[in-house]
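Each remark here refers to the structure printed beneath this line.
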Amino acid sequence: MCGIIGIISNKEVTSRIVNSLRKLEYRGYDSAGIATLVRGNINEVKCEGRVDALEKDINKFNLKGEIGIGHVRWATHGKPSKINAHPHSSEEVSVVHNGIIENSTILKKFLEKKGYVFKSQTDTEVIAHLVTEYLKKNSLKETIIKVLKKLHGSFALGIIFKGQNDFIVGARRGSPLAVGYGPNENYLGSDSYALKSMTNKISYLDDGDFCIIGKDQVQFFDNKGVKKNNKVFNLSKEDLNYEKGDYKYFMEKEIEEQPSTINDCINEYIDKHSNKINIFNFPWKVNNFKSIVLVGCGTAFHSCLVAKYWLEQNTSLDISVDIASEFRYRKIRFKKDSLYIFVSQSGETADTYAALDLCKQNKMKTCAIVNVIESSIARDADMVLPIYCGQEIGVASTKAFLGQMLVLYILCTKISFDQKYINKKVYQSKIKNLLSLSNSTKKTLKLDQKLLDIGKVFANSKGSMFLGRGYSYPIALEGALKLKELAYVHAEGYPAGEMKHGPLALIEEGMPVVVLAPRDEHYKKTISNMQEVIARGAKVLLITNKNKDEVISENIWEKIEVDQLDQELIPFLITIPLQKLAFYSALEKGFDIDKPRNLAKSVTVE
Ligand code: M6R
């Protein structure tokens with residue numbers, strides 16, 4: 001998704017803007033650009049494609065400057081092209097923008113009547129001309145207040161002004177924006193990661209606010225222009241040097257890291273001496289709520305679906321799960337005795353944030369399960385449970401999914417024990433099982449010899465299906481999502497028992513099908529469903545777990561057996577072969593594994 005960087009300094013800024021844009025590449029983008037002031041005049045360089053191409057052009061035109069803004073764009077209005085790349089400039093100002101201006105067509109008409117000529121098809125260009133128009137009769141502050149009022153939709157903005165070497169303006173509504181502090185220079189960034197190579201001192205703009213950033217000071221204002229003091233956070237430096245190391249792809253590294261990220265998370269939440277769960281910041285009594293609503297998007301949504309099974313099994317609460325983009329527009333009957341849990345790796349997903357915001361407006365109890373603890377969702381929820389898996393760069397979420405499930409499982413176990421739904425013996429045995437999870441994931445990672453060849457078959461198929469029952473059903477959805485996003489192969493996740501109600505018609509000779517059949521209460525039924533697809537010509541990859549009894553079924557194409565573990569923890573293990581399957585399928589196709597086409601790591605638009 002789009003990314004913003006701005007630097008004001010008394011030193012040259014161009015190369016640092018380019019470096020920071022590289023840090024934002026993980027978000028996914030299709031074009032890039034930069035604008036600086038040179039002797040007070042706005043100079044811009046833009047290109048379609050990668051930041052490397054932008055850097056070449058910057059060198060060609062020898063673009064310099066001590067104040068500048070840069071942007072990576074993920075197209076929303078207008079195709080990816082040099083013209084549509086940001087910044088968008090008028091004679092007077094240059095603007096970078098994340099988000100969508102919903103009333104851009106009306107504003108464009110208004111500005112065209114006044115003689116403004118538009119070069120791009122973007123919604124952003126209206127902002128440059130609107131600021132120019134208001135500046136004619138208003139002070140800087142009045143202009144910003146009036147322009148922000150005129151804009152409908154979501155935005156994070158960075159603006160520089162002709163002849164004004166002393167400040168950059170930042171503003172936000174809906175989309176996040178951070179300010180960083182350095183020695184005799186300050187920064188603007190769409191996320192803290194872009195700024196981390198320059199500073200660990202960060203403030204965040206509150207929704208609807210704007211700021212004026214000088215070299216030596218930063219002023220924050222609310223939407224009426226009233227000055228504010230924003231808190232300065234000292235960010236942890238541990239993620240600063242997150243690199244690929246010996247791996248060719250971040251995704252590969254992130255899959256392999258899972259045993260250690262699981263360990264890190266367990267160390268944060270489990271006191272190994274007392275064999276107890278440490279969630280000390282839980283501000284409510286569990287008996288105060290009767291239901292839990294879990295909300296997320298994509299992979300995070302799938303982790304919520306797994307948690308529904310755990311919570312229903314181990315607590316007396318009513319559990320429901322919602323896709324954030326649906327939740328925010330439904331006529332929800334908010335209940336005081338509900339806990340609303342928002343799951344998000346980035347903590348910046350626009351739909352999930354909007355769903356949280358809706359709950360806050362209705363004074364609900366909210367909990368965020370995030371990876372990025374400085375994110376908007378983490379900052380705005382009543383309580384935060386981090387997943388502690390470190391920076392995730394690959395657009396396809398892997399270690400964060402296991403981290404989300406892990407925190408949800410730990411929370412479920414805590415609630416279950418606090419509710420007295422399980423006794424101390426069961427509670428402690430659950431914790432003991434959790435302590436062996438990391439080791440079992442390590443063993444599962446070694447089971448990949450066959451997956452390289454299996455991946456080739458999936459990559460070259462017309463389509464495939466992923467089937468499971470119970471906990472394995474959301475994992476089937478997740479496996480299918482991974483294959484779709486990485487190998488661009490149509491894949492459907494389905495409850496195994498639902499096949500005969502329609503999708504069985506899709507099965508034809510040679511179609512690859514993943515069947516998730518761990519040795520749980522559903523095992524026999526799932527194996528029957530597997531036989532039904534084999535009988536119709538499917539090539540079945542069976543993922544199950546080790547057992548003294550052999551799987552009784554003929555004509556299974558391939559079989560992978562993960563460790564025998566407590567049933568409830570099997571979702572962690574059967575996910576890993578599916579992550580690898582998608583990885584090898586994308587490798588076979590030669591696709592960009594860390595940045596699949598059309599996708600972004602942090603989805604900050606609706
Ligand atoms: O940052 P979030 O967890 O809120 O992101 C939600 C989804 O956009 C994300 O999980 C997406 O589905 C992944 N690309 C899947 O691999």
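As the structure lists them, so they are numbered: ligands from 1, and atoms in each ligand from 1.
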- Message: Given E257, which partner from the list K244, K399, K442 fulfils the salt bridge (charged side-chain N to carboxylate O under 4.0 Å, His left out) test?
- Response: K399
- Item | Parallel, tilted or perpendicular: rings of W284 and F282 (30°, 60°) |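 Rings of F282 and W284: perpendicular, as their planes differ by over 60°.
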Could you list the atoms of ligand 1 found under 4.0 angstrom from a heavy atom of [X]?
| X | result |
| --- | --- |
| S344 | 1 (O), 2 (P), 3 (O), 4 (O) |
| G298 | 12 (O) |
| A396 | 16 (O) |

Considering only the protein, which heavy-atom contact is closest to [atom], and what is its distance?
| atom | value |
| --- | --- |
| atom 2 (P) of ligand 1 | T349 OG1, 3.2 Å |
| atom 8 (O) of ligand 1 | V603 CG2, 3.9 Å |
| atom 3 (O) of ligand 1 | Q345 N, 2.6 Å |
| atom 9 (C) of ligand 1 | T299 N, 4.1 Å |
| atom 1 (O) of ligand 1 | S346 OG, 2.6 Å |
| atom 13 (C) of ligand 1 | V395 O, 3.8 Å |
| atom 6 (C) of ligand 1 | C297 O, 3.3 Å |

Using the benzene-type ring in the case of Trp, are the ring centres of [X] and [Y] under 6.0 Å apart?
| X | Y | answer |
| --- | --- | --- |
| F591 | Y488 | yes |
| Y409 | W310 | yes |
| F334 | Y340 | yes |
| Y309 | Y473 | no |

- Message: With the threshold set at under 4.0 angstrom, would you say K482 reaches ligand 1 through any of its heavy atoms?
- Response: yes
- Item | Geometric cation-pi criterion R328 and Y353, 6.0 Å radius, 45° cone | no
- Message: Show, in sequence, the C-alpha distance, side-chain angles and deciding distance for K456 and D453, and conclude whether the salt bridge (Lys or Arg N to Asp or Glu O under 4.0 Å) test is met.
- Response: CA-CA 5 Å; K456 288 183 186 157; D453 288 332; 3.6 Å; yes
- Query: For atom 14 (N) of ligand 1, which candidate among E392, Q579, E348, E485 provides the closest heavy atom?
  - Reply: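 Shortest heavy-atom distance from atom 14 (N) of ligand 1: E485.
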- Message: Just verifying a value: how many Å separate Y204 OH and R172 CZ, rounded to the nearest 0.5 Å?
- Response: 11.0 Å
- Looking only at distance, does V343 have an N or O less than 3.5 Å from an N or O of ligand 1?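 Among all N and O atoms of V343, none is under 3.5 Å from an N or O of ligand 1.
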